[in-house]
Amino acid sequence: MSTQVPDQTDEETETDAADAKSPGEVRREEKRARAAEAEADAAAEEAEAAESGKAGENTVELQVFRYDPEVEGKQEPRFDEFHVPFEKGMTVLDALIYARDHYDSSLTFRHSCRQAVCGSDALFINGSQRLGCKTQISELSAPVRVEPLPHAEVQKDLVVDMEHFYDQMEAVEPYFQTDELPDEELEEQRQSRENREKIKMSTRCIWCGACMSSCNVAAGDNEYLGPAAINKAYRFAMDEREGEEMTEKRLEILEQEHGVWRCQTQFSCTEVCPKDIPLTDHIQELKREAVKNNLKFW
Ligand code: FES
């Protein structure tokens, strides 16, 4: 009598042994699968960028505005071309730094933090006010044209005179003022959550001047306070901790001939603000406050 064990049982036992992987092996396999997936995604992204004709190829063509009033032969405004090797994640500021360091050390532009905080590298890039350090080359169509901020005097290459902009900011007294100071010890000035939320966006201004440069009204009226200064005034006028007298004084400053009423609600400042501040909304709200302030019922 035969005692043969069926073949199928042998096969199942072998398969079970092969499937029984250690947790370490399973983790390694998962890791390998994730790496392969990320690689495939990156390759697909690169292929897409190359296909769309945007910077994604090996070189970026920069057309940079040049002007130097102090050097003979460079006093006529012109555009210089630079071909910069493209790297994934490259910003316009990175490309300018590369061009300066490798091709022309006289190329002049401002920058500092390289992370959209200091506001010093606001430029006119492909026809729009933007921060060089926040603008990805891969988002732009080639060639990338870089110019100084419009409506400001050019000092050299991409550097403009910011004096007028700072004067307008100073005109609204951009600092916190209470009606009276405590006599003795300084007390904590508490602010409600709601009030903090209200002024939150207005506190994000980095004084880059992009809004002022984009404003048609500011371009035609040199005395107009401009969106940045009005936003700064909003930041303090709406702060519940500031004194009533000061709020009234601020509204008087804003109501002057070249203040809030000059705004034509074109939204260009709001569109270009690199910190997404709703500048036009703030100006409109201050207009309403100014009207309320003048309507007195006895
Ligand atoms: Fe500071 Fe761009 S370098 S905001």
Side-chain angles (χ1 to χ4, degrees), residues 54-55 60-67 80 82 84-170 174 199-215 218 226-232 234-235 268-279 282:
K54 291 181 181 174
V60 186
E61 184 186 333
L62 289 183
Q63 292 179 347
V64 185
F65 179 89
R66 306 299 306 274
Y67 164 71
D80 278 356
F82 299 102
V84 173
F86 175 74
E87 277 175 30
K88 199 173 174 198
M90 183 179 238
T91 63
V92 172
L93 180 60
D94 293 333
L96 286 172
I97 290 173
Y98 187 97
R100 182 195 60 196
D101 294 351
H102 292 80
Y103 305 133
D104 185 350
S105 58
S106 71
L107 176 59
T108 307
F109 49 94
R110 290 194 182 105
H111 68 95
S112 178
C113 69
R114 299 178 73 169
Q115 50 189 321
V117 173
C118 73
S120 58
D121 65 337
L123 296 162
F124 198 55
I125 302 167
N126 277 8
S128 179
Q129 286 82 356
R130 312 171 195 238
L131 290 182
C133 64
K134 205 185 167 198
T135 307
Q136 290 284 316
I137 292 279
S138 58
E139 288 170 5
L140 303 169
S141 51
V144 176
R145 203 172 169 89
V146 189
E147 298 167 74
L149 284 182
H151 308 139
E153 194 187 321
V154 180
Q155 291 182 321
K156 188 183 172 193
D157 295 342
L158 301 172
V159 174
V160 295
D161 185 357
M162 296 290 283
E163 195 75 24
H164 174 64
F165 174 75
Y166 295 142
D167 284 349
Q168 302 306 76
M169 292 298 270
E170 216 171 291
I199 64 165
K200 186 172 85 178
M201 293 306 283
S202 64
T203 63
R204 299 179 66 176
C205 178
I206 55 173
W207 294 46
C208 67
C211 56
M212 187 82 152
S213 163
S214 75
C215 176
I230 297 176
N231 173 70
K232 191 51 83 177
Y234 176 96
R235 182 256 170 273
S268 51
C269 53
T270 305
E271 270 168 30
V272 300
C273 177
K275 306 303 276 185
D276 299 324
I277 303 171
L279 294 157
H282 289 172

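Ligands are counted one by one from 1 in listed order, and the atoms in each one are counted from 1 as well. Computed from heavy atoms alone, side chains included, the values below leave out hydrogens, waters and symmetry copies.
Using cut-offs of 30° and 60° on the angle between ring planes, the pair Phe82 and Tyr103 is parallel. Using cut-offs of 30° and 60° for the angle between ring planes, the His282 and Tyr234 rings count as parallel. Taking the six-membered ring for Trp and thresholds of 30 and 60 degrees, Tyr98 and His102 have nearly parallel ring planes, at less than 30 degrees apart.
At a threshold of 4.0 Å, the pair Asp157-Arg66 counts as salt-bridged, since one of the basic side-chain nitrogens sits closer than that to a carboxylate oxygen. In summary, Asp94 and Arg114 engage in a salt bridge, as defined by a charged side-chain N under 4.0 Å from a carboxylate O.
For residue Cys113, an N/O/S atom approaches atom 1 (Fe) of ligand 1 to within less than 2.8 Å. Among the atoms of Cys133, an N, O or S atom falls under 2.8 Å from atom 2 (Fe) of ligand 1.
For ligand 1, the atoms closer than 4.0 angstrom to any heavy atom of Val117 are 4 (S). For ligand 1 and Ala116, the ligand atoms under 4.0 Å from any heavy atom of the residue are 4 (S). Taking every heavy atom of Ser112 and a limit of under 4.0 angstrom, the matching atoms of ligand 1 come to 3 (S). For ligand 1, the atoms lying closer than 4.0 Å to a non-hydrogen atom of Cys118 are 1 (Fe), 3 (S), 4 (S).
Side-chain polar atoms of Ser214 and Gln129 form no donor-acceptor pair below 3.5 angstrom.
At the shortest separation from atom 3 (S) of ligand 1 among protein heavy atoms lies Arg114 N, 3.2 Å. Atom 4 (S) of ligand 1 has as its closest protein heavy atom Gly119 N, 3.1 Å.
The atom name of the N/O/S atom in Asp121 closest to atom 2 (Fe) of ligand 1 is OD1.
Put simply, the side chain of Val144 does not reach to within 4.5 Å of the side chain of Thr135, judged on heavy atoms.
Contact annotation: for Ile206 versus ligand 1, there are no heavy atoms closer than 4.0 Å.
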